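Data first, discussion second: the structure below is written as structure tokens.
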Protein chains: 2
Amino acid sequence: MTSDHIVKAFDDQLNRLEHTIAEMGGLAETQLADAIDALLKRDSEKAAQVAVADVRIDDMESEVDQLAVSLLALRQPMASDLRAIVCALKTSAIIERIGDYAKNVAKRTAALSEFPPVPPILPVARLGRLAQEMIKDVLDSYVSRDVEKAEMVRERDKEVDTLYTSIFRELLTYMMEDARNITSCTHLLFVAKNIERIGDHTTNIAENVHFLVEGRFPLDERQKDDGSSFTVVRPTPKGGNAVKGRPS
Amino acid sequence: MTSDHIVKAFDDQLNRLEHTIAEMGGLAETQLADAIDALLKRDSEKAAQVAVADVRIDDMESEVDQLAVSLLALRQPMASDLRAIVCALKTSAIIERIGDYAKNVAKRTAALSEFPPVPPILPVARLGRLAQEMIKDVLDSYVSRDVEKAEMVRERDKEVDTLYTSIFRELLTYMMEDARNITSCTHLLFVAKNIERIGDHTTNIAENVHFLVEGRFPLDERQKDDGSSFTVVRPTPKGGNAVKGRPS
């Protein structure tokens, strides 16, 4: 085999690695969209399909791991190729986790379908769409090595955090209004939290894109916590609610 | 430099990598213990210290990443050494996340301290101790390459899932009994969920230990979901609660 052939084989394998990552990410994005759709339509069958399809994402993570390890062992890459492989390893682990969160969203369809719908399901669906766009954009930035686009994804996570905190408050007031809302609002709260975590994970991918292109992680550590950990809501005798939240 | 020297330098760096992982893990274990302690004692100062100390875990993850990448680039390791480096990369990312969960537990101390304590805080603290032991044992298994011990950690996660699901139900009934419990019980629910996720993450480290020693991941995919996603609790007019939960 000539040296040209070796270089070409290596490039092909690197491309396959990136292609698998992009495909995994696309699948995770679809999984989230399907999970939200199942939730809105109370479609337990669709929710079950999301859980089944998650296995494919897990398998793809193993494929990435194996390919990355064999590339490291056989090709002994340096500099930017080495960075590309390490980034692929880290990114596939993050996408696998995004898949898990989408699966968990879908799983709550059954419990939620046993109760009348509560209005906050609409902002929860909006939160899902925001996170979905972030997954799409961060993958685009990964494939096209676009640091600026990756940076915009990190910025947009603030929007997700703000909406999540407002959903948190809204759900608590619904619970206080009527005890029959408690179970469904609790499940919706976890759905919203899962989506908020997906937003955080897309920012981690964005940081990997930064590392991939610039050779270092972004200097400004984004604050990835939403403000809800500090939020306090109290029932009031007048039927309204006293809401108090300190941003983190 | 003789070849013996090169080998020794490589071994030293590999040892440093493992030492950093073990230290990171020990820190995450302490963080979880301190977070639970702050919660029980309503000690906001201690909770704030947990949040500050988390930065150290994040820094250590970067150290592991840099050391791993330089080992890959300069030493071009093969076989079991390559596995050790890839495992270190994956394990440090998991420990970083365990640290985040501990920090999030601590952060809810302020909101929880504004309300009278609710009895389920005790099983939540027990859940925390279980997860803490799992972190300790899985790190021991990592350092000593003990697959059997790692396997036992994976087994023990069932205990965490079962206790978490029972806490989930208990908290929902407290919310239904008195609307003034809703905010504190919601925060406790997230605390419990964070700890349950820590349990899941220790099983991921256990799987890495399996890969490290045996060169492949365990064949039986452990079901990492708790049963709470399907759990339904309804308030009843008699003051009791109808609880229904289907295991996943």
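All values below come from the heavy atoms of this structure, side chains included, with hydrogens, waters and symmetry mates left out. These numbers were taken from a predicted model, which means no experiment stands behind them.
Here the CD1 atom belonging to B:Ile205 is positioned 15.5 Å from the NE2 atom belonging to B:His210, to the nearest 0.5 angstrom.
With sequence neighbours excluded, the residues satisfying side-chain contact (heavy atoms from CB on, under 4.5 Å) with B:Thr165 are B:Arg169, B:Asp226, B:Ser228, B:Thr231. Taking the ring-ring contact (aromatic ring centres under 6.0 Å, His included) definition, one finds that A:Tyr101 meets it with A:His201, sequence neighbours left out. Scored by the side-chain contact (heavy atoms from CB on, under 4.5 Å) test, B:Ser113 finds B:Arg42, B:Thr109 as partners (sequence neighbours excluded).
Contact of B:Val86 with chain A is made through the side chain alone, with heavy-atom distances under 4.5 Å. Contact annotation for B:Asp65: only side-chain heavy atoms (C-beta onward) come within less than 4.5 Å of a heavy atom of chain A. Contacts between B:Leu189 and chain A at a heavy-atom distance below 4.5 Å involve backbone atoms as well as side-chain atoms.
Among residues 49-57 of chain A, no residue has any heavy atom closer than 4.5 Å to a heavy atom of chain B.
For A:Glu61 and B:Lys90, the salt-bridge test passes: some basic side-chain N is under 4.0 Å from an acidic carboxylate O. Salt-bridge annotation for A:Asp100 and A:Arg97: absent, with no side-chain N of the basic residue lying under 4.0 Å from a carboxylate O of the acidic one.
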Exercise. Could you go step by step and tell me if A:Glu196 and A:Asp161 meet the side chain to side chain contact (heavy atoms under 4.5 Å, CB included) rule?
Worked result: CA-CA 7 Å; A:Glu196 187 269 332; A:Asp161 288 350; 3.1 Å; yes

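When A:His187, A:Met175, A:Arg180 are compared by the number of non-hydrogen pairs under 4.5 Å with chain B, A:His187 comes out ahead.
Taking the centre and axis of the six-membered ring of A:Phe115, the NZ or CZ atom of B:Arg234 falls inside the cone set by 45° and 6.0 Å.
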